[in-house]
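Notes to accompany the following structure.
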There are 2 protein chains.
Amino acid sequence: MNKRITLADIAARTGFSASTVSMVLNNRPGSRIPEATAERVRAIAEELGYAPDRTARGLRTGRSEALGFISDEVTITRYASAMVRGILDAAEACNHAVLMAETDNHPRRLENAIRLMRTRHIDGIIVGLMRARQVDLPAGLGGLPVIIVNGKVDGYHAVLPDEYQAGLDAVNYLVAHGHRRIAFIGRAAVHLDPRVSWTIGRRISGIDTGMANAGLSFVHEVEGSDWEPELGYRGAAEIFDRGDITAIITANDRIAFGVYGVAQARGLSIPDDMSVLSFDDEQLASYVRPQVTTMRLPYLDMGQIAAELLFKQIAGEWCPTDSAEETLVRMPLVERSSVADLG
Amino acid sequence: MNKRITLADIAARTGFSASTVSMVLNNRPGSRIPEATAERVRAIAEELGYAPDRTARGLRTGRSEALGFISDEVTITRYASAMVRGILDAAEACNHAVLMAETDNHPRRLENAIRLMRTRHIDGIIVGLMRARQVDLPAGLGGLPVIIVNGKVDGYHAVLPDEYQAGLDAVNYLVAHGHRRIAFIGRAAVHLDPRVSWTIGRRISGIDTGMANAGLSFVHEVEGSDWEPELGYRGAAEIFDRGDITAIITANDRIAFGVYGVAQARGLSIPDDMSVLSFDDEQLASYVRPQVTTMRLPYLDMGQIAAELLFKQIAGEWCPTDSAEETLVRMPLVERSSVADLG
DNA sequence: TTGTATGCGTTATCAG
DNA sequence: CTGATAACGCATACAA
């Protein structure tokens with residue numbers, strides 16, 4: 001039905017040639033075209049509702065103004081999917097299209113996705129991971145600009161949450177609120193393996209440093225690698241049995257959720273009897289009462305920043321080796337109601 | 001670096017012409033090419049790692065083998081983002097690319113997204129909504145195949161959860177487990193407005209019909225349009241004060257979450273003292289203990305089905321007016337531990 | 001059976 | 001200042 005409007009159409013209408021029209025519409029520097037001509041061309045283009053055919057342009061220029069986003073399982077994840085939105089927003093702001101694919105952690109699907117995108121001339125790729133860990137990428141993207149979000153791949157620039165700083169901030173917040181006797185749930189040796197997590201080590205290390213800086217050490221610690229509510233149930237039970245602390249730091253919100261359950265079962269009030277400070281800011285954290293004070297994983301910002309970095313790289317304004325191999329994004333402290341001020 | 005391999009390259013290597021190579025690789029019907037030739041062409045193509053340039057092909061054929069997915073705020077949503085995965089999976093299975101954009105409910109961004117995709121020659125569009133409601137679409141997509149997921153737009157085919165059946169199933173399940181004295185939380189007149197929700201009316205209607213079929217009516221009802229935990233807190237308090245029911249149907253999981261909170265506070269056991277049956281199957285439903293038995297919103301399937309329908313429509317194998325205006329997708333009952341068998 | 005010529009809509013080069 | 005002309009990589013009608 002709606003036949004496409006092409007350069008030829010507007011050339012015919014104005015009497016100028018297609019190349020002149022093209023020059024006007026792209027206002028190429030160097031060749032100055034009389035304002036009268038330009039004016040007329042622009043008017044007709046506007047009137048006809050001309051929009052350049054990006055695939056034809058891409059074929060000619062070799063640049064598609066499209067980027068690819070490949071993730072392992074970000075869309076299926078509760079909160080990490082915000083990184084998609086961040087990328088989409090940034091891309092739209094630059095009038096770029098976003099091609100998307102998800103691999104579900106299958107190497108074959110990953111190679112598929114890369115090939116599919118390459119044959120479509122994308123200008124660059126963002127690789128996003130659900131959990132920040134070190135992974136490998138196949139060779140198929142030689143020469144293509146690549147940015148990793150929430151993960152680490154050898155040889156590529158990564159955008160990551162600033163977990164160390166967050167650990168520091170968390171402890172400082174507790175200390176500033178008068179807490180001295182603090183417990184921690186969630187330490188586990190397995191998390192130190194970069195293939196398991198590239199960032200949890202930093203989170204813990206920030207927490208440890210924060211404690212040391214304040215001249216404190218944990219009154220009680222519950223180890224555990226499976227950061228689910230069950231760990232919170234078990235951990236809180238152990239800690240409450242001892243009963244000599246004022247605050248618990250939980251390694252993530254799901255553990256905190258378990259702690260809440262035990263507190264409620266024992267008739268303990270959060271934060272009056274016990275403060276809880278957590279990490280991640282899953283939706284969960286704002287469902288429970290009182291809402292959990294937690295260090296937010298800034299997925300939206302990370303996606304946005306990754307896309308902007310990629311655009312710079314494509315434009316040649318920035319080169320990964322210019323700067324640090326990682327861009328760290330601040331994890332804001334979301335202050336809610338689970339931490340008491342002991343004044 | 002990696003120069004692209006083109007038809008010309010492989011033509012040069014084999015000695016045949018580009019058109020012959022093209023015919024072989026697309027094994028065009030009609031023109032039979034000797035197996036010897038075909039064999040050789042395929043071998044060289046394989047060896048060189050040839051992959052056709054989809055943008056060039058698209059320019060020539062007018063079909064891009066790419067589809068667009070435009071949503072309001074699906075990626076930012078806890079559970080609806082699974083529909084993205086469904087679309088991605090189906091697209092990959094058909095070797096189609098997916099272009100994605102999100103509007104955040106701004107009409108301007110919607111028109112932007114449509115234009116951006118049209119100039120990229122997508123073959124069709126899927127429009128996805130976070131909450132199933134009736135919306136309008138601008139005129140800009142004349143002639144383009146369109147499927148709506150989790151929403152309703154006049155004149156287009158929609159893929160929706162089968163809420164009526166789910167309501168029926170929910171009540172039947174309760175009745176089959178011996179429940180007769182049942183309460184309900186979540187009815188609200190405002191939800192009957194199709195612009196607010198296209199499906200909640202059916203959910204409620206299914207529930208009502210199920211009750212009527214069993215010769216039952218609700219012992220107690222708590223109305224409320226804001227389906228958040230607070231409504232569960234308030235509703236459960238009211239209901240528990242009366243204390244003469246065996247089961248509560250909550251209109252969604254967040255309300256159920258509130259009910260859980262009150263039950264725990266009052267020392268009531270779920271499901272021993274009180275059964276809970278819910279809707280949606282948010283992540284939340286599997287976090288609480290006991291895990292909630294709930295009617296799942298089948299987002300993954302809906303995305304997949306929408307994409308498959310779109311492909312059929314593009315291929316001309318199916319025309320929206322051929323069949324019903326809606327494709328209803330079954331909402332499975334996820335049986336967990338919140339409903340007691342009164343057998 | 002295979003090759004040649006042409007066009008898809010742009011942009012870039014180079015004359016005029 | 002502007003307009004032919006070629007080329008991007010592919011598919012196809014037609015000629016050989």
Side-chain angles (χ1 to χ4, degrees), chain A residues 2-42 44-45 48-66 95 115 118-123, chain B residues 2-42 44-45 48-66 95 115 118-123:
Chain A
N2 281 339
K3 229 197 124 300
R4 296 195 62 86
I5 310 291
T6 73
L7 274 188
D9 294 327
I10 132 160
R13 269 290 293 273
T14 57
F16 296 106
S17 75
S19 24
T20 301
V21 175
S22 171
M23 297 196 142
V24 170
L25 263 26
N26 300 329
N27 46 278
R28 273 173 59 66
S31 64
R32 287 228 63 74
I33 286 180
E35 197 45 44
T37 303
E39 199 70 25
R40 176 153 172 72
V41 167
R42 273 193 282 265
I44 299 290
L48 264 41
Y50 170 76
D53 182 326
R54 317 291 282 213
T55 72
R57 171 184 286 176
L59 185 60
R60 180 62 232 237
T61 62
R63 304 192 41 208
S64 62
E65 304 201 305
N95 243 290
R115 190 153 29 79
R118 292 216 71 151
T119 63
R120 258 140 177 133
H121 281 170
I122 50 164
D123 296 331
Chain B
N2 281 338
K3 230 198 122 302
R4 294 197 63 87
I5 310 291
T6 73
L7 274 188
D9 294 326
I10 132 161
R13 269 289 294 272
T14 56
F16 297 107
S17 76
S19 39
T20 301
V21 175
S22 170
M23 298 195 141
V24 171
L25 262 27
N26 300 330
N27 45 277
R28 272 175 60 66
S31 63
R32 288 228 61 76
I33 286 180
E35 197 47 44
T37 303
E39 199 70 26
R40 176 152 172 70
V41 167
R42 273 193 280 267
I44 299 290
L48 263 41
Y50 171 75
D53 181 326
R54 317 292 282 211
T55 74
R57 170 185 287 176
L59 187 59
R60 176 65 229 241
T61 61
R63 304 191 43 206
S64 63
E65 305 200 306
N95 242 291
R115 189 154 30 78
R118 293 216 72 151
T119 63
R120 256 136 177 135
H121 281 169
I122 50 165
D123 296 331

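Because only heavy atoms are used, hydrogens play no part in the values below, and waters and symmetry mates are left out as well, while side chains stay in. We name chains A, B, ... by the order of the sequence lines, and we start the count at 1 in each one.
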Nearest heavy-atom neighbours spanning B/F16 and B/T37: CZ-CG2, 3.3 Å

Shortest non-hydrogen contact from B/V21 toward B/A11: CG2-CA, 3.9 Å

Rounded to the Å, how far apart are [X] [atom1] and [N] [atom2]?
X     : N      : atom1 : atom2 : result
A/M23 : C/dT10 : CE    : P     : 15 Å
B/I10 : C/dG3  : CD1   : P     : 13 Å
A/E35 : D/dC1  : CD    : C1'   : 14 Å

Is any side-chain nitrogen or oxygen of [X] closer than 4.0 Å to OP1 or OP2 of [N]?
X     : N      : value
A/S17 : D/dG3  : yes
A/R57 : C/dG9  : no
B/Y50 : D/dC10 : yes
A/S19 : D/dG3  : no

Residue mapping more 5' on DNA chain C - nearest nucleotide basis, B/G15 or A/P52: B/G15

Heavy-atom side-chain contact between B/T6 and B/D53 under 4.5 Å: no

Residues A/R120, B/E65: salt bridge by 4.0 Å N-O rule: no

Pairwise N/O distances under 3.5 Å, protein to nucleotides 6-8 of chain D:
unit_1	atom_1	unit_2	atom_2	d
D/dA7	N3	A/R60	NH1	3.2
D/dC8	O2	A/R60	N	3.4

Between B/S19 and B/S22, a side-chain donor and acceptor under 3.5 Å: no

Rounded distance (nearest 0.5 Å) linking atom CG of B/L59 with atom CZ of A/R54: 14.5 Å

Touch class at under 4.0 angstrom, heavy-atom based, for B/T37 against every strand present: sugar-phosphate

